[in-house]
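Since the model is a prediction, treat every value here as computed from it, not as a measurement. Residue numbers run from 1 in the order of the sequence given. In each ligand, atom 1 is the first atom listed, and ligand 1 is the first ligand listed.
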Amino acid sequence: MTMDSVGGRRYLMCRPTYFAVSYKINPWMDPTAPYDTALAIEQWTRLRETFLELGHTVEEIDPLPGLPDMVFAANGATVVDGTVLAVQFRDPERADEGPAYRSWFERAGYAVHEAKFVNEGEGDLMLAGDVVLAGTGFRTTHAAHARAQEVLGRPVITLQLVDPRFYHLDTALCVLSGSDGTGPAKIAYLPEAFSPGSQAVLRLLFPDAVIASVADAEVLGLNAVSDGTTVVLASQAVELAAALRERGYRTIGVDMSELRKAGGGAKCCTLELRPGGGTS
Ligand code: ARG
C-alpha cells in the first residue's frame with residue numbers, strides 16, 4: 001500500500017476503458033442512445049488530474065471488459081478506518097464487479113468483510129463525521145445497513161430514497177466536511193429525493209445543510225467529491241457551486257456529461273480509502 005500524501009485524501013478510481021451504456025438499470029441510461037467512450041475517458045482523466053493537483057493520491061484498479069459500469073468505483077466497497085465492507089450488486093449486469101473490487105483490496109492487504117446483502121458501497125453508505133448515512137429504497141437494503149453498522153462500528157442512519165432518478169444516496173446528498181470521519185460533518189442535499197421522515201432526520205442532524213435545487217441535482221451536481229476544503233463537482237451545477245462558495249468552500253467544476261449517460265458523476269467515479277490505525 002502506498003502512504004497517504006501529507007494532508008491529502010486517498011482515492012481509488014477505475015479508468016473507463018470499457019465504458020458503455022448497453023443496459024438500463026437506472027432512469028439515466030438509454031441503451032439506444034449514442035455514447036462516446038473516448039470522451040468518457042477524457043472526462044475521467046481530467047477528474048483524476050484534478051485530484052492529483054489537489055494533492056490527493058489516486059490508486060487505480062484495472063478495468064475489466066464486459067463491465068461497462070466498473071468506472072463507478074464508489075460502488076466497489078465502503079472503506080472506514082481501513083476496514084473494507086465488500087459489495088453485492090442488485091443487478092446481474094454489475095455482479096462481477098463485486099469480486100473484482102474485493103480482490104483488489106485483498107491484494108492491497110486489507111481485511112475484507114463480505115457484504116451478505118445487497119449493498120452498493122459508497123454509492124449508498126457515506127461516512128459523515130462519526131456516522132454513516134445510508135441510503136435505501138432502490139439498491140442497498142436495510143439488512144445491509146445493519147451489516148454496515150456491525151462491520152464498520154459506526155452508527156448507521158437509514159435514509160429512504162424516493163425518486164428513481166436519485167437511486168443512490170450519493171446522487172442526492174454530498175458530504176462536504178467529515179467524509180474522512182474527522183470533524184463535524186457538513187452536507188448538501190436535495191430534500192425532495194427523500195421520504196418525509198428522512199427529510200425530518202436530515203433537518204434534525206444537519207440544520208445548517210446546503211439545500212440543493214432540483215436543477216442542480218438533475219445535472220448530478222450533488223455527486224461531488226469534497227476534501228473538506230475544495231468541492232469537485234459537475235460544472236453544470238452553477239447554483240450549487242455558488243452556494244458552496246458562499247459557505248467558504250472552493251469549487252472546481254468538472255464536465256462529467258458522458259458518464260452521466262450511465263447515471264454517474266464525479267463522486268461515483270471516486271472511492272475514498274480511509275486509513276485505519278492511528279493518525280496517518
Ligand atoms: N450505471 C450505474 C448504476 O446504475 C451508475 C452507478 C453510479 N454510481 C454511484 N455511486 N451513484 O449502477
Side-chain angles (χ1 to χ4, degrees), residues 11-16 18-33 35 37 40 43-44 47 61 63-64 66-79 85-98 100-101 115 118-128 132-141 144 148 159 161 163-175 179 188-190 193-194 212 217-226 232-234 237 254 256-273:
Y11 298 130
L12 178 63
M13 297 182 75
C14 180
R15 185 175 295 272
Y18 305 106
F19 176 75
V21 184
S22 49
Y23 50 77
K24 182 179 176 73
I25 56 172
N26 69 51
W28 302 83
M29 304 176 89
D30 176 1
T32 66
Y35 60 86
T37 304
Q43 293 177 344
W44 177 91
L47 177 67
I61 178 174
L64 295 173
L67 297 175
D69 274 336
M70 195 172 167
V71 59
F72 300 118
N75 301 126
T78 307
V79 188
L85 176 59
V87 299
Q88 183 177 314
F89 286 91
R90 180 196 66 177
D91 300 289
E93 290 89 342
R94 297 196 68 183
D96 289 346
E97 294 179 43
Y101 277 94
V118 170
N119 150 9
E120 299 198 352
E122 260 198 352
D124 278 322
L125 300 171
M126 303 175 74
L127 189 65
V132 173
L133 302 177
T136 190
F138 298 102
R139 305 288 181 91
T140 302
T141 59
L159 298 169
L161 295 163
D163 184 332
R165 290 174 302 167
F166 308 115
Y167 57 94
H168 275 143
L169 183 63
D170 70 359
T171 63
L173 184 149
C174 172
V175 179
S179 81
Y189 68 101
L190 175 72
F194 297 91
E218 277 177 340
V219 291
L220 290 180
L222 286 163
N223 196 252
V225 180
S226 176
V232 179
L233 80 171
V254 284
M256 303 300 288
S257 54
E258 209 52 35
L259 291 146
R260 196 161 68 228
K261 293 179 179 172
K267 175 67 192 95
C268 297
C269 295
T270 312
L271 177 62
E272 188 159 355
L273 304 173

(request) Grab the two heavy atoms, one from Ala262 and one from Trp28, that are nearest each other, plus how far apart they are. (result) C-CB, 4.3 Å

(message) Give me the atom names and distance for the closest heavy-atom approach of Glu122 to Thr78.
(response) N-OG1, 3.6 Å

(message) Regarding ligand 1, does Glu120 bring an N or O atom to under 3.5 Å of one of the ligand's N or O atoms?
(response) no

(message) For the 3.5 Å polar cut-off, considering only N or O atoms, please tell me whether Gly123 and ligand 1 meet it.
(response) no

(request) May I ask you to check whether Asp69 and Tyr23 show a side-chain donor-acceptor distance below 3.5 Å? (result) yes

(request) Provide the number and element of each atom of ligand 1 under 4.0 Å from a heavy atom of Ile25. (result) 3 (C), 4 (O), 12 (O)

(message) With a 4.5 Å cut-off on side-chain heavy atoms, are Asp91 and Arg139 touching?
(response) yes

(message) Suppose we measure from atom 2 (C) of ligand 1 to each protein heavy atom; which comes out shortest, and what is that distance?
(response) Asp69 OD2, 3.3 Å

(request) With heavy atoms only and a cut-off of under 4.0 Å, state how Lys267 meets ligand 1: side chain, backbone, both or neither. (result) neither

(request) Mind listing the closest non-hydrogen atom pair of Gly135 and Leu161 along with its distance? (result) CA-CD1, 4.2 Å

(request) Provide, to 0.1 Å, the distance between atom 9 (C) of ligand 1 and the closest protein heavy atom, together with that atom's residue and name. (result) Cys268 SG, 2.7 Å

(message) Show me which atoms of ligand 1 lie under 4.0 Å from any heavy atom of Arg139.
(response) 3 (C), 4 (O), 12 (O)

(message) With a heavy-atom distance limit of 4.0 Å, tell me whether Arg94 approaches ligand 1 through its side chain, its backbone, both, or neither.
(response) side chain

(message) Could you check whether Glu218 pairs with Arg165 (Lys NZ or Arg NE/NH1/NH2 to Asp/Glu carboxylate O, under 4.0 Å)?
(response) yes

(message) Using a 4.0 Å cut-off to any heavy atom of Ala262, which atoms of ligand 1 qualify?
(response) 1 (N), 2 (C), 5 (C)

(message) With heavy-atom distances below 4.0 Å as the criterion, list the atoms of ligand 1 near Met29.
(response) 1 (N)

(message) Within the structure, is a non-hydrogen atom of Glu122 found at a distance of less than 4.0 Å from ligand 1?
(response) no

(message) Quick check for you: to the nearest 0.5 Å, what is the distance between Asp96 atom CG and Leu64 atom CG?
(response) 8.5 Å

(request) Please report which non-hydrogen protein atom sits nearest to atom 10 (N) of ligand 1, along with the residue it belongs to and the distance in Å to one decimal place. (result) Asp170 OD2, 2.7 Å

(message) With a heavy-atom distance limit of 4.0 Å, tell me whether Asp91 approaches ligand 1 through its side chain, its backbone, both, or neither.
(response) neither

(request) Grab the two heavy atoms, one from Ile61 and one from Cys14, that are nearest each other, plus how far apart they are. (result) CG2-CB, 3.6 Å

(message) Which heavy atom of Val71 sits nearest to which heavy atom of Pro68, and what is that distance?
(response) CG1-O, 3.9 Å

(request) Please examine the side chains of Tyr18 and Met70, heavy atoms only from C-beta on, and report whether any two atoms are closer than 4.5 Å. (result) no

(message) Closer than 4.0 Å to some heavy atom of Asn75 - which atoms of ligand 1 meet that?
(response) 6 (C), 7 (C), 8 (N), 9 (C), 10 (N)

(request) Record the part of Trp28 in heavy-atom contact with ligand 1 below 4.0 Å; permitted values are side chain, backbone, both and neither. (result) neither

